[in-house]
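Scroll down for the structure; my scribbles are underneath it.
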Amino acid sequence: MTSYKSDFLRTMSARGYIHQCSNEEELDAKAAKGEITAYVGFDCTAKSLHVGNLLGIMMLRKLQQSGLKPIVLIGGGTTKVGDPSGKDETRQLLSDEQIEANKQSIRKVFERFLTFGDGPSDALMLDNADWLLKLNYVDFLRDYGRHFTLNRMLTFESVKQRLDREQPLTFLEFNYMIFQAYDFLELYRQTGCNLQMGGSDQWGNIINGIELGRRVEGAELYALTTALLTTSSGAKMGKTAKGAVWLNEDMLSPYDYWQFWRNTEDADVGRFLRLFTELPLDEIERLEKLEGAELNEAKKILATEACKMAHGEEKAADAAETARKTFEQGHMAEGLPTVEIGAGELDNGLGLLTALVKAGLAGSNGEARRHIRGGAVKVNDEKIDDEKALLHGDDISNEGIIKLSLGKKRHVLLKIV
RNA sequence: GGAGGAGUGCCCGAGUGGUUAAAGGGGACGGGCUGUAAACCCGUUGGCUAUGCCUACGUUGGUUCAAAUCCAACCUCCUCCA
């Protein structure tokens, strides 16, 4: 189908979000009439969501912009079970306190992307712990368990994969899909939610929910999935030196977040601009046509726009400016990630190894040592090849700062306090 | 419950008494080339107060001058049988 009636599907399609969609025409018709409420589920396995979750968040944002109602479903309950999709091994179970802390921390992110409230298209945030934890095992099995056949569950990719690879799949995890299906049903009952969106790996789980909704409530529910996000070279998105690319500022600085987008591969620039910025499409078309080094301009715009959404306009501009000073002028820029060091520590000279570890540029003295041997370390832009080097008071700049660099890209300022 | 097989570093995977901090690959990181890209080439990839010491091959014990390697028990997974 090429021409959609609804704003929502038209944007989603034009920007390249859609991978699969159930009952497209009906969904489109309902969206056009404003009769769609959609949700995306997020598990709280970490203190912050990461770039991999960004597509889901963006979809909810687009939905809201089209005048429809988005629901953020926090998986307080399902996190206790653990989604087996895409994982080889059983996930470590988190304690209730951890889950609760993660939940609180994750909530903050959504406020940047969505408007919450009670209005017709204001976003809602719900937690499936509210209903999953109350379920009675036997009643649940009788009422809902009978709608699921093992024959079908066993054909699911997530299940098959584990079995094929001879990896254990616990009964606990096996139930995840049932809970997710039930979530959809519950949301339909509570809020009239009739669309679930997610990554393509969620397709099966979503369809389960649709089926359950139809059988139990005769509800007409829909699914919409996006392609799993990978870079053109096939790597999974969102992993960098330090691990995941977090959306929370206290987990990853806006500067590093900006850098992540700045380092996008050429081939991904257009696609990412469409998915992760809100620039007009004709502007994006112009940008992605840039060739060679000029494409870097497009990457900067991508970085700034993406950063703006996650961290706000001001932080994004700062990050862009810091990057410009650091890379284009080679100056000591103030906006780089900063680590504070007590003035006293320099009195007898602070070992460079220790300093690198404190700055988070190396995980251990040994790693720091290897980096120095490899010629990767600079202090105040001077290459250091002595592992035993000490930092002294006279390394401090006028601004009270020592700049440590690892490679060309990673810089940390030691601030003397 | 019975029989057989398996559990190795971030991941995959070789190794069946010493020369093993453990081949090879992937990933990641660093260097080179470049455009803060990709591809490619090179290097690094347990920790430490470091010519030595400690920790590590599912867990716990044992044999031995010496164990990832042999033995015992246990745990977990897989396959076949009941």
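In what follows, every chain begins at residue 1, and chains take the letters A, B, ... in the order their sequences are listed. None of the values given here were measured: they were computed from a predicted structure.
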For this session: Mind running side chain to side chain contact (heavy atoms under 4.5 Å, CB included) on A:N380 and A:D395 for me, showing each step along the way?
Result: CA-CA 8 Å; A:N380 293 329; A:D395 290 313; 4.1 Å; yes
For this session: Scan every strand shown for a Watson-Crick or G-U wobble partner of B:A39, both distances under 3.5 Å, and answer none if you come up empty.
Result: none
Exercise. Rounded to whole angstroms, how far apart are CZ on A:R262 and C1' on B:U34?
Worked result: 12 Å
For this session: Report yes or no: do A:Q180 and A:Q202 form a side-chain donor-acceptor pair below 3.5 Å?
Result: yes
Seminar exercise, completed: Whole-Å distance, A:E367 CD to B:C29 C1', equals 8 Å
For this session: Classify the angle between the aromatic ring planes of A:F272 and A:F276 as parallel (below 30°), tilted (30 to 60°) or perpendicular (above 60°).
Result: perpendicular
For this session: Take atom P in B:U76 and the same atom in B:C65, then report the distance between them in whole Å.
Result: 35 Å
Exercise. Between A:N102 and A:S105, does any side-chain donor sit less than 3.5 Å from a side-chain acceptor?
Worked result: no
Exercise. Mind checking who B:U20 pairs with, Watson-Crick or G-U wobble, both distances under 3.5 Å?
Worked result: none
For this session: Could you give the distance separating B:G1 and B:U8 at their P atoms, to the nearest angstrom?
Result: 26 Å
Exercise. Any side-chain donor paired with an acceptor under 3.5 Å for A:N128 and A:T78?
Worked result: yes
Exercise. If only side-chain N and O atoms of A:N263 are considered, is one of them under 4.0 Å from the OP1 or OP2 phosphate oxygen of B:G35?
Worked result: no
Exercise. If we call it a pair only when both distances are under 3.5 Å in a Watson-Crick or G-U wobble match, what pairs with B:A28?
Worked result: B:U44
Exercise. Whom does B:G7 pair with, Watson-Crick or G-U wobble, provided both distances fall under 3.5 Å?
Worked result: B:C75
Exercise. Which nucleotide, in any strand shown, forms a Watson-Crick or G-U wobble pair with B:C70, with both distances under 3.5 Å?
Worked result: B:G62
Exercise. Is it true that the side chains of A:D318 and A:W258 contain a donor and an acceptor less than 3.5 Å apart?
Worked result: no
Problem set entry | B:A82 versus B:C74 - spacing of their P atoms, nearest Å | 25 Å
Exercise. Base, sugar-phosphate alone, or nothing: which one does A:G407 contact when heavy atoms must sit under 4.0 Å apart?
Worked result: sugar-phosphate
Exercise. Of A:A293 and A:R373, whose nearest nucleotide on RNA chain B comes first from the 5' end?
Worked result: A:A293
Seminar exercise, completed: Under a 3.5 Å limit on both distances, the Watson-Crick or wobble mate of B:C80 is B:G2
Exercise. How many Å lie between CD on A:E265 and P on B:A39, as a whole number?
Worked result: 6 Å
Exercise. Considering only the C1' atoms, how many Å lie between B:U19 and B:U69, rounded to the nearest integer?
Worked result: 15 Å
For this session: Figure out the NZ/C1' separation between A:K299 and B:A38, and round it to whole Å.
Result: 8 Å
Problem set entry | Rounded distance (Å) that lies between atom P of B:U44 and atom CD1 of A:I372 | 17 Å
Problem set entry | Between B:G35 (C1') and A:D266 (CG): distance, integer Å | 8 Å
Exercise. Looking only at atom C1', what distance separates B:U55 and B:A21, rounded to whole Å?
Worked result: 10 Å
Problem set entry | Separation of the C1' atoms in B:C11 and B:U45, to the nearest angstrom | 13 Å
For this session: Could you measure between the two P atoms, the one in B:C48 and the one in B:C10, and give it in whole Å?
Result: 15 Å
Exercise. What's the closest nucleotide to the A:R369 side chain, out of B:U49, B:A37, B:G47?
Worked result: B:U49
Problem set entry | Distance-only polar pair, side chains of A:N263 and A:K299, donor-acceptor under 3.5 Å | no
For this session: Name the nucleic acid region contacted by A:Q259, choosing base, sugar-phosphate or nothing; use a 4.0 angstrom heavy-atom cut-off, strictly under.
Result: base
Exercise. For A:K325 and B:U36, what is the distance between atoms NZ and P respectively, to the nearest whole Å?
Worked result: 19 Å
Seminar exercise, completed: Result for 5'-nearest mapping on RNA chain B, choosing between A:R370 and A:T264, is A:T264
Exercise. What about A:E328, does its side chain sit under 3.5 Å from the base of B:U36 through a donor-acceptor pair?
Worked result: no
For this session: Using the P atom on both, measure B:C77 against B:A72 and round to a whole Å.
Result: 22 Å
Exercise. From the list B:G35, B:U36, B:U49, which nucleotide is the closest neighbour of the side chain of A:L295?
Worked result: B:G35
Exercise. OP1 or OP2 of B:A37 sitting under 4.0 Å from any side-chain N/O of A:K409?
Worked result: yes
Problem set entry | Nucleotide B:U49, atom P - distance to CD of A:E387 in whole Å | 12 Å
For this session: May I ask you to verify whether the side chain of A:K408 and the base of B:U34 hold a donor-acceptor pair under 3.5 Å?
Result: yes
